[in-house]
Amino acid sequence: MSASDASRARTRSPRVKSRSPSATAWTLGRAAKTTATTAHHHESVPIRESKRFEVPSETLMKRMGGPSDGKAGLSGGFRTEEEINQILYEGSKGSKFLEDQKRRDKDTQAKVDKLRGILAKKLLEARGNEEACADAILAQLEETRDLSRVITLVDADAFYAACHQLEDPSLAGTAFGVGGGMLTTASYEARRYGCRSAMPLFLAKLLCPHIKSLSLKPELYTRASKAIFSILEKYGPIAPASLDEAYADMTDYCANEGVTPAEAVARMRAEVYETTGLTVSAGVSPNKTLSKIAADINKPNGQFVIDPTAEACQAFIRDKPLRKCYGIGRVTEMLLNGLGLKTVGDIYKHRCRLYLMRDHLPFRWLLSLYLGLGSNSVKRAKRGDRKSYGAEKTFHPTSDRTELDNMIKRIAKSLAKDVARSEFSGRTITLSIKHDNFQRVTRAHTPGRNIWIHSYQDMVKYGLELL
DNA sequence: TACATACAC
DNA sequence: TATGGTGTATGTA
């Protein structure tokens, strides 16, 4: 029937307050991820004439650009977004991946229809006080506004690509990507052709035949990341968000040095460049939400500062497409589009219907987004904060039980190693299988409230049972 | 607790 | 020919 399973096993454990003497690893654990596959036979269906004229939906085409599409703006390219998506669509035609994308698109469309149905009904029962209710919540949220901090998001430009370019300056100005089968990063030159992160190499080559692909060198990135973060730390407490991104609270630095946020961040960026050779972009504002969006504005090697006034914050975010906001992905964007919203400003315009739909949408969160509010807490995650560990591997489709068993063992081995290193232990182990049609199923097992999973043997035992 | 989704990078 | 890996959060049953 269906093919290819990927399995993924992990242990999870709910957060446990360590009241017990063992201060170490009461935290949480998670185990292995595996990926296996089974053979897939599907009859070849003759293409009917009518099929030839089938036109992909607009939303499906939007998917073609990859998951990061719409988040980062692309400009100055050789092709339009439509041309790029068309090439990617042609290159993906007939693939199981595309079929899965179609399925997802359809599912989301169904959600949109359902939501619109609910809205239609709610509109009939509307009491007329929705605007007042929404405005009251807005006023309440406004009370919480805190403009006292200087919060910066620093984001390295084309980080992996830049790291390689430092090693090999001859790469400068050339089209290259980092990653074997899948690109983790595309150089700026490659981006002009439409190549993006998370794009498979074979598609990137359709867009840019001369693109060069470099293998990943993880040590290169972790070293560069540490170098960048240690500089940021001189300017205030930081909270890394990934290898190439960190928030910094520069309030005290600005006060102590008597400089404006713009000046402080310019110094920081210059220092990063001088000592690492890497350029970073930054956004500055009173909170993390706004700074994150702002960091994108003058990328690469630029910065954007939002003044610490309610007016500036609201004016900044009002015209931004919803998709630019952290937390709004493809699905949420489509749902909100379905209700008539495109930009953050539309949240206010449509606050009545959003109020009516408050049981189905994160209403207050959307209102605070409109106001340009957000957290300004910059705290480094602690060691024990981790909730899970996982490992996964994709392999060629197979339904051979021996092969699958071996894959489980291989993944368990890698996971057990990670877990051992961190002295982590988990109570729930989850096996996740990705079939060759990209559907995923997960199966979990919790042996007992006080039973902790951490050994390779246990992972294999439970993993094989779950398969 | 189990499972599926959504999201970020 | 061909679309990754790691982790968090949340809704629902």
Side-chain angles (χ1 to χ4, degrees), chain A residues 4 6 8 10-15 28-35 63-68 70-72 88 91-101 103-104 107-108 111 153 155-156 158-160 178-185 196-206 216 218 221 225 240-246 292 323-335 359-362 365 381 385-397 411 414-415 418 424 427-434 436-449 466:
Chain A
S4 160
R8 166 184 209 212
R10 38 168 34 162
T11 53
R12 224 189 291 132
S13 74
R15 183 179 295 268
L28 327 150
R30 172 184 286 200
K33 288 183 194 171
T34 315
T35 308
R63 280 180 178 273
M64 300 314 303
S68 58
K71 281 292 191 202
L88 295 176
S92 298
K93 242 184 203 170
S95 69
K96 294 210 165 69
F97 180 81
L98 183 59
E99 292 311 306
D100 184 60
Q101 293 293 300
R103 178 183 62 84
R104 289 173 184 277
D107 286 357
T108 310
K111 273 191 195 174
L153 175 75
D155 187 336
F159 182 58
Y160 286 23
V178 183
M182 193 75 99
L183 298 185
T184 63
T185 319
R196 311 286 168 76
S197 57
M199 184 179 282
L201 184 60
F202 80 95
L203 288 179
K205 281 181 173 164
L206 292 181
L216 285 166
Y221 324 130
S225 179
S242 68
L243 275 186
D244 76 324
E245 259 186 59
K292 170 83 179 154
R323 188 72 170 80
K324 291 276 182 199
C325 304
Y326 186 96
I328 298 188
R330 276 182 188 154
V331 173
T332 310
E333 181 191 30
M334 273 178 74
L335 294 179
D359 290 342
H360 306 270
L361 293 166
W365 183 79
D385 286 351
R386 255 247 236 186
K387 295 183 177 63
S388 68
Y389 276 79
E392 69 179 291
K393 192 80 194 147
T394 300
F395 47 86
H396 79 275
I411 292 164
S414 139
L415 182 60
D418 282 0
F424 186 82
R427 295 176 42 235
T428 301
I429 184 161
T430 303
L431 180 73
S432 166
I433 300 173
K434 183 174 78 182
D436 72 347
N437 60 4
F438 291 91
Q439 297 251 35
R440 270 175 180 279
V441 292
T442 71
R443 295 172 198 147
H445 179 61
T446 307
R449 260 198 94 64
L466 287 167

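Note that the structure is predicted; figures quoted are calculated from it, not measured. Each chain gets a letter, A, B and so on, in the order the sequences are listed, and its residues count up from 1.
- Regarding Glu245(A), its CD atom lies at a distance of 9 Å from the C1' atom of dA8(B), rounded to whole Å.
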Each nucleotide N or O in nucleotides 1-4 of chain C that has a protein N or O under 3.5 Å away: list the pair and distance.
{"from": "dT3(C)", "atom 1": "O4", "to": "Ser92(A)", "atom 2": "OG", "distance (Å)": "2.4"}

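- Rounded to an integer number of Å, the gap from His445(A) NE2 to dT1(B) P is 11 Å.
- Between Tyr221(A) and Tyr160(A), the ring-plane angle classifies as parallel under the 30° and 60° cut-offs.
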Determine which bases of DNA chain C form Watson-Crick or G-U wobble pairs with both distances under 3.5 Å, and write the result as a 5' to 3' dot-bracket string with | for other-strand partners.
....|||||||||

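- Without hydrogens or angle criteria, Thr184(A) side chain to Val178(A) main chain gives a donor-acceptor distance under 3.5 Å.
- Using a 4.0 Å heavy-atom distance criterion, Gln101(A) is classed as making no nucleic acid contact.
- Rounded to a whole Å, the CG atom of Leu361(A) is 14 Å from the P atom of dA6(B).
- Here the shortest heavy-atom pairing between Ser92(A) and Met64(A) reads OG-CE, 3.6 Å.
- Judged by distance alone, with hydrogens and angles left aside, the side-chain atoms of Arg443(A) form a donor-acceptor pair with the main-chain N or O of Leu466(A) at under 3.5 Å.
- Note: CZ (Arg443(A)) to P (dT1(B)) measures 20 Å, nearest angstrom.
- Counting all heavy atoms, side chain and backbone alike, Gly94(A) lies closest to Leu98(A) at N-CD2, 4.4 Å.
- Atom-to-atom, CG of Asp418(A) to P of dG5(C) comes out at 14 Å; the value is rounded to the nearest Å.
- Side chain of Arg440(A) to backbone of Lys434(A): no donor-acceptor contact under 3.5 angstrom is found.
- Within the 4.0 angstrom heavy-atom criterion, no nucleotide atom of any strand lies near Lys205(A).
- With distances taken from any side-chain atom of Thr332(A) to the nucleotides dA6(B), dA4(B), dC9(B), the minimum falls on dA6(B).
- Rounded to whole angstrom, the span from the CE atom of Met334(A) across to the C1' atom of dT5(B) amounts to 15 Å.
- Among the atoms of the strands shown, only primed sugar atoms or phosphate atoms (P, OP1, OP2) are found under 4.0 Å from some heavy atom of Asp244(A).
- Salt-bridge annotation for Arg104(A) and Asp107(A): absent, with no side-chain N of the basic residue lying under 4.0 Å from a carboxylate O of the acidic one.
- Distances were taken from every side-chain heavy atom of Arg386(A) (C-beta onward) to each of dT8(C), dC3(B), dC9(B); the shortest belongs to dT8(C).
- Considering all non-hydrogen atoms of both residues, Arg427(A) and Arg449(A) come closest at NE-O, 3.0 Å.
- Out of dC7(B), dA8(B), dA2(B), the shortest distance to the side chain of Arg323(A) is found at dA8(B).
- Considering all non-hydrogen atoms of both residues, Lys111(A) and Leu335(A) come closest at CB-CD2, 3.8 Å.
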